[in-house]
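Read the structure below first, then the notes.
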Amino acid sequence: MGGRRICIVIPYFGVWPCWFGFFLKSCSHNPAIDWLFYTDCGEPPMTADNLRFVHCSFAEYKQKVSDTLGIHFDPHSAYKLCDIKPAYGLIHQQELAGYDFWGFGDVDVIYGDLQGYISDDMLRHNLVSFHGHRVGGHLCLLRNNALMRHAFQRCREWRAVFSDKNNHAFDERQFNALFMRHKNWPQWLRRLLYFPRRLMRTAYFRESYSTSFGSVPWLDGSFDFPAEWRWQAGRLTACNSDELTFPYLHFLHWKKHWPADMVMQARPQDPVWYIRKDGIFTDSTAGQP
């Protein structure tokens with residue numbers, strides 16, 4: 001990362017999810033990256049030097065968004081915050097002063113060696129996506145400059161989308177279209193098309209295979225995804241690819257099976273965890289009948 005400073009902004013309101021301590025522990029193993037939370041969830045399960053929590057109500061945060069963007073932002077659900085992720089750099093411009101990059105992301109992830117995965121070559125770009133052909137809402141990095149803070153405003157409908165109470169997946173649709181189009185075209189042809197378009201030309205897309213059971217095939221081109229992942233002291237591997245490490249696991253599809261009050265068998269302070277469809281454990285089922 002060449003000493004460049006990165007801060008990932010995550011507003012989260014309601015109740016901390018049952019896996020949140022594991023998420024925070026995985027963040028703490030990436031001390032070169034900071035996380036900034038705005039929340040009304042109370043004291044977090046743990047803290048670390050690279051984790052900052054700003055306690056505020058959802059109503060207060062909605063007012064901050066409204067005042068900064070000059071819109072009426074008053075959704076009923078905090079899920080609507082997904083739409084405004086590309087605006088976090090502007091909304092939190094003051095808090096992000098001094099950082100080289102800011103990012104948006106989700107909490108339904110477990111990080112591996114994210115800071116080791118982020119290369120100097122990636123950070124020569126204005127936008128870094130961890131999907132090969134689109135901006136992913138679960139993690140995206142943007143250079144902390146005026147161009148990228150205001151990039152979302154190049155979408156003509158941003159005011160209407162942000163002001164509407166319904167979620168439009170703006171981060172992965174309209175905002176994505178500023179940086180990636182014609183994703184099925186050959187790379188050389190896309191480069192020719194993108195050359196006069198600065199936002200597209202300076203965006204970096206690399207598939208990190210983070211989202212199991214999604215629309216992106218696994219490493220071997222199949223949809224035979226790993227049924228279990230292993231985290232140990234900041235190192236994340238998949239049960240069918242033990243020799244490879246991954247920057248993070250996005251367990252979007254597994255969390256749907258986890259009740260809000262679920263108690264995991266593992267604890268965040270345990271040295272090893274195994275993440276699978278039915279929870280987070282200290283023992284592995286890989287290779288068992």
(request) Dump the intermediate steps for ring-ring contact (aromatic ring centres under 6.0 Å, His included) on F281 and W273, then the final yes or no. (result) CA-CA 5 Å; F281 299 83; W273 324 319; over 10 Å; no
(message) Does V272 form a side-chain contact (heavy atoms from CB on, under 4.5 Å) with W231? I'd like the steps, not just the answer.
(response) CA-CA 6 Å; V272 182; W231 184 95; over 6 Å; no
(request) Given side-chain contact (heavy atoms from CB on, under 4.5 Å), test Q115 with I6 step by step and report yes or no. (result) CA-CA 10 Å; Q115 65 188 38; I6 297 173; over 6 Å; no
(message) Apply ring-ring contact (aromatic ring centres under 6.0 Å, His included) to residues F213 and H253 and explain how you reach the verdict.
(response) CA-CA 7 Å; F213 303 97; H253 300 284; 7.2 Å; no
(request) Show the numbers, then the answer: is there a salt bridge (Lys or Arg N to Asp or Glu O under 4.0 Å) between K256 and D108? (result) CA-CA 10 Å; K256 298 174 183 178; D108 55 348; over 6 Å; no
(request) For the pair Y99 and D34, evaluate side chain to side chain donor-acceptor pair (under 3.5 Å) and give the outcome as yes or no after the intermediate values. (result) CA-CA 10 Å; Y99 285 99; D34 291 338; 2.5 Å; yes
(request) For the pair V109 and L139, evaluate side-chain contact (heavy atoms from CB on, under 4.5 Å) and give the outcome as yes or no after the intermediate values. (result) CA-CA 9 Å; V109 305; L139 186 61; over 6 Å; no
(message) Go through it in stages, so that I can follow the logic: the residues are F37 and L24, the test is side-chain contact (heavy atoms from CB on, under 4.5 Å), and I'd like the CA-CA distance, side-chain angles, deciding distance and then a yes or no.
(response) CA-CA 11 Å; F37 300 88; L24 295 178; 4.0 Å; yes
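E243 and R235 are not joined by a salt bridge, as no carboxylate oxygen comes within less than 4.0 angstrom of a charged side-chain nitrogen. Using a 4.0 Å cut-off between a side-chain N of Lys or Arg and a carboxylate O of Asp or Glu, D74 and K80 do not qualify as a salt bridge.
A donor-acceptor contact closer than 3.5 angstrom is absent between the side chains of N176 and R134. Side chains of S119 and D121: no donor on one and acceptor on the other come within 3.5 Å. No side-chain donor from either of R52 and Y38 sits under 3.5 Å from a side-chain acceptor of the other.
Closest approach of F225 and P217 over heavy atoms only: CE2-C, 4.1 Å. The minimum heavy-atom distance between C27 and L51, with the atom names listed, is CB-CD2, 3.7 Å. Between A151 and F179, the shortest heavy-atom distance links the atoms CB-CZ, 4.3 Å. Nearest heavy-atom pair, F20 versus P45, reported as atom, atom and distance to 0.1 Å: CD2-CD, 3.5 Å. Looking at every heavy atom in both residues, G132 comes nearest to F205 through O-CB, 3.2 Å. Contact detail for Q153 and L90: the closest heavy-atom pair is NE2-CD2, 3.9 Å.
Proximity of the aromatic rings of W218 and F246 is defined here by a centroid distance below 6.0 angstrom, and this criterion is met. No close placement of the F251 and W229 rings is indicated, their centers lying 6.0 Å or farther apart. Residues F23 and Y111 bring their aromatic ring centres within 6.0 Å. In this structure, Y248 has its ring center under 6.0 Å from that of H138. Under the 6.0 Å cut-off for aromatic ring centres, H168 and F162 do not qualify, their centroids lying 6.0 Å or more apart. Proximity of the aromatic rings of F152 and F175 is defined here by a centroid distance below 6.0 angstrom, and this criterion is not met.
If you take CG on D100 and CZ on R143, they are separated by 8.0 Å, rounding to the nearest 0.5 Å. Atom CD1 of residue I84 and atom CG of residue L69 lie 7.0 Å apart, to the nearest 0.5 angstrom. Rounding to the nearest 0.5 angstrom, the gap separating the CE atom in M1 from the CG atom in L123 is 6.5 Å. Separating the NE2 atom in H76 from the CG atom in N166 is a distance of 9.0 Å, to the nearest 0.5 Å. Going from atom CG of D164 over to atom CD1 of I71 covers 11.0 Å, rounded to the nearest 0.5 Å. Here CE of M148 is found 8.5 Å from CG of L178. Values are rounded to the nearest 0.5 Å.
For the pair K277 (side chain) and A227 (backbone), a donor-acceptor distance under 3.5 Å is absent. Between the side chain of N126 and the backbone N or O of T202 there is no donor-acceptor pair closer than 3.5 Å. Distance alone, capped at 3.5 Å, is enough to place a donor-acceptor pair between the N144 side chain and the L96 backbone. With hydrogens and angles ignored, the 3.5 Å screen pairs no side-chain donor or acceptor of E172 with any backbone N or O of A169. A donor-acceptor pair under 3.5 Å is formed between the side chain of E228 and the backbone N or O of T285. Between the side chain of T245 and the backbone N or O of T237 there is no donor-acceptor pair closer than 3.5 Å.
The neighbour count for K64 NZ, taken as heavy atoms of other residues, nucleotides or ligands under 6.0 Å away, is above 12. No more than 12 heavy-atom neighbours from other residues, nucleotides or ligands sit within 6.0 angstrom of CD on Q94. Residue D120 places its CG atom among more than 12 non-hydrogen atoms of other residues, nucleotides or ligands, all under 6.0 Å distant.
Side-chain contact between R149 and L142 is absent, with no heavy-atom pair separated by less than 4.5 Å. Between K62 and V65 there is no side-chain heavy-atom pair separated by less than 4.5 Å. A 4.5 Å side-chain heavy-atom check between Y274 and T282 finds every atom pair outside the cut-off. Contact annotation: the side chain of S28 approaches that of M46 to within less than 4.5 Å [non-hydrogen atoms, C-beta and beyond]. Two residues are said to be in side-chain contact when any heavy atoms from C-beta on lie closer than 4.5 Å; R5 and I33 fail this criterion. Two residues are said to be in side-chain contact when any heavy atoms from C-beta on lie closer than 4.5 Å; L147 and R154 meet this criterion. Within the 4.5 Å cutoff, no side-chain heavy atoms of C18 are placed close to those of V263. A 4.5 Å side-chain heavy-atom check between T39 and P11 finds every atom pair outside the cut-off.
For the pair R206 and Y117, the cation sits on the ring face: its NZ or CZ lies under 6.0 Å from the ring centre, inside 45° of the axis.
Using cut-offs of 30° and 60° on the angle between ring planes, the pair H55 and F53 is parallel. Under the 30°/60° scheme for interplanar angles, the aromatic rings of F58 and F13 are found to be tilted. Relative orientation of the Y88 and H92 rings is perpendicular, given thresholds of 30° and 60° on the angle between their planes.
Criterion: ILVMFWY side-chain heavy atoms under 4.5 Å apart, direct or through other members. Under it, V15 and V107 are not part of a common hydrophobic cluster. Both L244 and L249 are members of a single hydrophobic cluster when ILVMFWY side chains are connected at heavy-atom separations under 4.5 Å. Taking hydrophobic clusters as Ile, Leu, Val, Met, Phe, Trp and Tyr residues chained together by side-chain heavy-atom distances below 4.5 Å, Y61 does not share a cluster with W35. In this structure, M264 is not a member of the same hydrophobic cluster as L252, with clusters built from ILVMFWY side-chain heavy atoms closer than 4.5 Å.
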